[in-house]
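Here is the structure we will look at, set down as structure tokens.
Order of appearance sets the numbers: ligands from 1, and atoms from 1 within every ligand. Every heavy atom of this structure was used, including side-chain atoms; hydrogens, water molecules and symmetry mates were not. This chain uses plain numbering: 1 for the first residue, then up along the sequence. Just so it is clear, the model here is predicted, and its values are computed rather than measured.
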Amino acid sequence: MSDQAQSIEDAAALEAGRKLFASPCEFIAGAASPESLPPFSLPEVAFAGRSNVGKSSLVNALTGRKTLARTSSSPGHTRQLNFFDLGGRLILVDLPGYGFAQASKGQIAQWTSLAADYLKGRPTLKRVLVLIDSRHAVKDKDEETMTSLDKAAASYQIVLTKVDQIKAADRAKAIAAATAVAARHGAAHPVVLATSSAKGDGIAELRASLAALADPAPPR
Ligand SMILES: Nc1nc2c(ncn2[C@@H]2O[C@H](COP(=O)(O)OP(=O)(O)OP(=O)(O)O)[C@@H](O)[C@H]2O)c(=O)[nH]1
Ligand SMILES: [Mg+2]
């Protein structure tokens with residue numbers, strides 16, 4: 001493809017992302033047990049990653065709403081699978097984190113296994129975003145999550161978070177390290193996106209990539 005055709009295609013994808021994420025977005029269900037999972041219908045995109053990595057903040061940044069998904073500086077804030085309907089075309093699923101959380105062992109085990117089962121067995125799940133804090137390397141638990149997604153043949157993409165917290169010079173290094181990890185995993189998307197929910201970096205690009213997974217816009 002020529003450079004000009006590529007840039008027209010990129011601009012169209014960014015516009016499709018902007019439009020989708022400007023649509024109304026509403027909370028439709030919070031599931032703390034398998035029975036309370038909503039029935040599947042629309043394509044779904046799930047936000048996974050360690051506690052405190054910035055999953056709920058990224059849902060808010062993408063949808064341009066500050067308090068749609070509740071965030072906190074204490075790890076373990078999201079304790080159920082929260083489903084949001086975006087414009088009747090895509091469901092965003094904010095998952096509880098894995099790793100350290102200020103909660104009882106029993107509670108943590110319950111939400112961890114519910115999230116793991118959801119990731120393995122949801123027919124409408126189009127992509128899992130595996131969030132990695134750009135200040136930290138990919139941890140064993142992240143690799144374990146990716147390996148189980150490989151086994152489940154679930155499509156996933158690594159998204160670096162909080163890039164406002166690292167120097168511009170370290171950004172390329174963090175992307176290269178995560179890209180090398182993605183290359184070792186069969187089901188991982190080869191492109192790693194670097195985002196900041198606080199400053200907006202990478203948000204338009206992520207919206208564009210998710211718009212490609214949504215149901216088509218209804219004719220006007
Ligand atoms: N500087 C900065 N801080 C961020 C960013 N994204 C999230 N945070 C902060 O990181 C903390 C955790 O954010 P959450 O979005 O609640 O994280 P989470 O992954 O949903 O956490 P759990 O629900 O506990 O698993 C909060 O204090 C956020 O304000 C970012 O892009 N930049
Ligand atoms: Mg959360």
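- A distance of 8.5 Å separates CD1 in I91 from OG1 in T124, rounded to the nearest 0.5 Å.
- Note: the hydrophobic cluster containing V128 does not contain L193 (ILVMFWY, side chain heavy atoms under 4.5 Å, direct or indirect links).
- Regarding atom 21 (O) of ligand 1, its nearest protein heavy-atom neighbour is N52 N, 3.0 Å.
- The closest approach between a heavy atom of G76 and any atom of ligand 1 is below 4.0 Å.
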Subject >> Residue pair V138, E143: steps toward the side chain to side chain contact (heavy atoms under 4.5 Å, CB included) verdict >> reply: CA-CA 7 Å; V138 174; E143 289 260 12; 3.9 Å; yes
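- The pair R135-D133 counts as a salt bridge, with a side-chain nitrogen and a carboxylate oxygen less than 4.0 angstrom apart.
- By the 4.0 Å N-to-carboxylate-O rule, D201 lies close enough to R171 to be salt-bridged with it.
- The residues K126 and E44 are annotated as not salt-bridged, no charged nitrogen and carboxylate oxygen being separated by less than 4.0 angstrom.
- Side-chain N/O atoms of S2 and Q4 include no donor and acceptor closer than 3.5 Å.
- At the shortest separation from atom 23 (O) of ligand 1 among protein heavy atoms lies T78 OG1, 2.8 Å.
- For residue T78, an N/O/S atom approaches the Mg ion (ligand 2) to within less than 2.8 Å.
- Backbone or side-chain N, O or S atoms of S56 reach the Mg ion (ligand 2) at under 2.8 Å.
- Checked by distance only, ligand 1 and D164 come closer than 3.5 Å through their nitrogen or oxygen atoms.
- The option from Q165, K199, K162 that lies nearest to atom 5 (C) of ligand 1, judged by heavy atoms, is K162.
- Cluster annotation: V45 and L149 are assigned to distinct hydrophobic clusters (Ile/Leu/Val/Met/Phe/Trp/Tyr, side-chain heavy-atom contacts under 4.5 Å, transitive).
- Nearest protein heavy-atom contact of atom 19 (O) of ligand 1 is K55 NZ, 2.7 Å.
- With F47 as the aromatic partner, K55 does not meet the cation-pi criteria of under 6.0 angstrom to the ring centre and within 45 degrees of the ring axis.
- Among protein heavy atoms, the minimum distance from atom 26 (C) of ligand 1 is reached at S72 O, 3.4 Å.
- For ligand 1 and G97, the ligand atoms under 4.0 Å from any heavy atom of the residue are 25 (O).
- For the residue pair S57 / T71, no side-chain donor-acceptor distance below 3.5 Å is found, with atom types taken as modelled.
- Checking only distances, T195 never comes within under 3.5 Å of ligand 1, N or O to N or O.
- Among the atoms of P96, none of the N or O lies under 3.5 angstrom from an N or O of ligand 1.
- Listed by number with element, the atoms of ligand 1 under 4.0 angstrom from any heavy atom of S73 are 27 (O).
- The heavy atom nearest to atom 14 (P) of ligand 1, considering only G99, S57, A69, S51, is found in S57.
- Surrounding NZ of K139 are more than 12 heavy atoms belonging to other residues, nucleotides or ligands, all under 6.0 Å away.
- With ligand atoms numbered from 1 in the order given, ligand 1 contributes 24 (O) to contacts under 4.0 Å with heavy atoms of P75.
- Under 4.0 angstrom from ligand 1, the non-hydrogen atoms of S196 come from both its backbone and its side chain.
- Which of S197, G202, G54 comes nearest to atom 31 (O) of ligand 1 through a heavy atom is settled by distance: it is S197.
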